[in-house]
Amino acid sequence: MSPIKTRFAPSPTGHLHVGGARTALFNFLLARRTGGKFLLRIEDTDRERHVEDAVPKIIDDLRWLGLEWDEGIAVGGPAGPYRQSERLNIYKGYVRALLDAGKAYYAFETSEELDALRKQAEAEKRSFRYPRPERLPGAGDAERAAAQGRPLVVRLLNPGRDVTIRDDAFGEVTVPATEQDDFILAKADGFPTYHLANVVDDALMGITYIMRGQEFLGQTWRHVLIREALGFPEPGYCHLPLIMDMQGRKLSKRDGDVDVHSFRRHGYLPEALVNFIALLGWRPTGDREKLTLDELIAEFGVDRLGKSNAKFDRDKLLAFNTDAAAAASEDRLLAGFRDYLSLNDTPVPSGDEAMLRLLLRINAGFRTFADIVTKCGVLFAADDAFEYDAKAVEKVLRKGDGAGFAVLADLRPRLAEVDWTPQAIQTLLDGYCQSSGLGMGKVAQPIRVAVTGSTISPPIYDTLTILGREKTLARIDRCIGRFK
RNA sequence: GCCCCCAUCGUCUAGUGGCCUAGGAUAUCAGGUUCUCAUCCUGGAGACAGGGGUUCGACUCCCCUUGGGGGUACCA
C-alpha cells in the first residue's frame, strides 16, 4: 500500500462536531494505515460565518480525540500557511492565470439580480444555470463595471462536457454537462470560493486522497473542472455517508450537543467516542466492534465503507463509554476524571488524587464521569446543603412505624465508637444484621438516606468512610431531628 | 421543480446466488446476582420497504414504485 496523504479541512464555525470528527478520524486512519501524512488546514474563506475562537477549539477537540496531524495549522510544514485567509495572494495568482488563459471570465451581476433570475427559472419550472453572456466581458469591461460600483466576480468558463467522478465509496458518478454552469471562483470581496481555494490547496499541499462528507459529492464536478483547468494531478476521491440525528435530519453544527467538546464536558472518554463514530458508515471485519485507535489504524480501509446514512444513537455511545471506562486503567481514568472536573464546577475535591482514585474504584461500573459526581457530590457538600428526597424518607425511614429511624437510633452510638475504616464499619453493620435479624437492605438504606438524602450512593461502607465520622453522625442527628 | 445518491431488527451493522430456520452490538422485555443506583449474568421478542423480472435457486443481480437523504449560494 503506497503512502497516502490526506487532510481534514474544517471551516472555523465553532467546536468540532461528531460529523467532522468522523471525517477527521477516517482521514487520519487512512494516512496512518498507509504510512502517509495527515494534514490539517483551516478553510476560512467565508468572512461572514467566521467565528473568532473556533480554530483553537477545533485544534483542542482533535487533540483530545488523539488525532494528531503531521502538517498544518499549529504544527507547521513546507506548504504553509495553512489558513486560507492567509493565502489570498496564492489564489489570486491562479485566478489571474485562468483569466489569462481564457478559462475564466468576469461577471458583474448583483446577488439580487441573480436571485431574480433564479426565481424566474423556478417559476418557469426550469433549473437555474448561470446564463453565459454572448460576448465574454474583458478587463476593460471589468474596470467599467467596478467604476459603476458593481460587484466583480470571476467565473469559470465551463468546457461543457460530462464529468465522471470515480469515488471509492459510491463508484462512478457522472454529472452531465447540462447540469453544470459557469460557477464562481473569486468572490466580490476578493476571497476565493471554497471550490477554488480547496482545489488549489489540495494540489499545493500534495494531498493525494480526498475523503469528505457526501454533501460534497454533487459538487465534485466543480473541483474536477478547476483541477483540470489548472493542470493539477488527480487525487483519489471517497465520499462518506452522512451522520443524521435520531429524527433522520442532517446533524447540524447548530446542534451544540453533538460537539465533541460537549461529550468531553459531559464526562465521556475520547476512546469511546472515537470507537463509536468509527462504526458510523464503516465496519471492521468480523463481529468485533470494540477497537482501540491502533486497532482502527490496522483495520481501516475504504473498502469497508457503507453508502447509507447513519443515525447517531446516543444510547449506544453511552454503552460504549461504559465499556471503555471499565476497560481503562486507573491512571487513564484518573486523567480523564481530572479533565472532566477541570471543565465542570463540582463539589468534588479535584486536587486530592487519593480521593479521586477512591471515587473511581468504588464507582466501578459508572457510565460517565458525570455519574460519579451526581452520585458522590453530596458527600462533599456541607451538611445542610443538600435536600432530602421526600419519597425516600417516607419509604425507607417512616414506613413500618419508623423502622428506619429505629435502626438509626440503634446504630448511632455504635458508629460513634467504631474504627472508621470500611472493614470495621462493615463488621459493625454485619454484626447488627445478625443480632437484629434484619437484612442488609433494611440497615444500609436508612443510613444512606440519612447521610445523603437519597437512596442512591456508593456502597454504604465507602460512603461513610468518605464522609467521615463527624459528618455521618451530624447528618444522622439532623435527619432524625428533622423528620422523626 | 431538476440532478445525484441510498434502502437488512427502533438504532449501528454482518451478509458479494445456495452456508440464512438472516448473525452481532445497542436499545427494549422477562428473570437472576447485589445494601441502593450503576455494573454484571441468563433468556425472549424484534428486520431483508413493495411489485415485477433473471435464475434450478434470491437479502444478495436488473427494472419500476415507494420511502429517505444530499445538491441545486459571491456557505463550506
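To find a chain, count down the sequence lines: A is the first, B the second, and so on, and within it residues start at 1. Note that the structure is predicted; figures quoted are calculated from it, not measured.
Between the C1' atoms of U60(B) and U54(B), the separation comes to 13 Å (whole Å). G24(B) sits 12 Å from A45(B) when the P atoms are compared, rounded to a whole Å.
Residue Val443(A) is classed as having no contact, given no heavy-atom separation below 4.0 Å to the nucleic acid. Among the heavy atoms of the strands, none lies under 4.0 Å from Ser454(A). Residue Arg288(A) is classed as having no contact, given no heavy-atom separation below 4.0 Å to the nucleic acid. Residue-level contact check: Ile460(A) touches the bases, meaning some heavy atom is under 4.0 Å from a base atom. Heavy atoms of Ala188(A) sit under 4.0 angstrom from at least one base atom.
Distance, Phe216(A) CZ to C5(B) P: 19 Å, rounded to whole Å. In this structure, CZ of Arg448(A) is placed 12 Å from C1' of A38(B), rounded to the nearest angstrom. As rounded to whole Å, 18 Å separates atom P of U36(B) from atom NZ of Lys391(A). Atoms CG (Asp462(A)) and P (C37(B)) sit 17 Å apart, rounded to a whole Å. Distance CZ (Arg49(A)) to P (C75(B)): 10 Å, rounded to an integer number of Å. Atom CG of Asn275(A) is separated from atom P of U13(B) by 14 Å (rounded to the nearest Å). Separating the CD atom of Gln219(A) from the C1' atom of C5(B) is a distance of 14 Å, rounded to the nearest angstrom. Distance, Lys307(A) NZ to U16(B) P: 15 Å, rounded to whole Å.
Between A76(B) and Thr45(A), a contact under 4.0 Å exists linking OP1 or OP2 to a side-chain N or O. Phosphate proximity of G69(B) to Gln214(A): absent, as no side-chain N or O sits under 4.0 Å from OP1 or OP2. Note on Arg304(A): a side-chain N or O is less than 4.0 Å away from OP1 or OP2 of G15(B). Contact annotation: Arg222(A) side-chain N/O to A73(B) OP1/OP2 distance is not under 4.0 Å. Taking side-chain N and O atoms only, Lys187(A) has a distance below 4.0 Å to OP1 or OP2 of C75(B).
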Show me the protein contacts with nucleotides 2-4 of chain B, counting only N or O atoms at under 3.5 Å.
{"from": "C3(B)", "atom 1": "O4'", "to": "Glu179(A)", "atom 2": "OE1", "distance (Å)": "3.3"}

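Below the 3.5 angstrom threshold, one finds no donor paired with an acceptor across the side chain of Lys316(A) and the base of A27(B). For a distance-only test at 3.5 Å, the side chain of Asp313(A) qualifies as a donor-acceptor partner of the base of G10(B). Below the 3.5 angstrom threshold, one finds a donor paired with an acceptor across the side chain of Lys375(A) and the base of C37(B).
Between Glu394(A) and Lys391(A), no side-chain nitrogen of the basic residue sits less than 4.0 Å from a carboxylate oxygen of the acidic one, so the salt-bridge criterion is not met.
Cation-pi geometry between Lys375(A) and Phe366(A) is not met: the NZ or CZ atom fails to fall both under 6.0 Å from the ring centre and inside 45° of the normal. Geometrically, Arg398(A) does not engage Phe405(A) in a cation-pi contact, judged by NZ or CZ lying under 6.0 Å from the ring centre and within 45° of the ring axis.
Gln445(A) and Arg448(A) form a side-chain donor-acceptor contact under 3.5 Å, judged by distance and modelled atom types alone.
Under the 30°/60° scheme for interplanar angles, the aromatic rings of Phe108(A) and Tyr106(A) are found to lie parallel.
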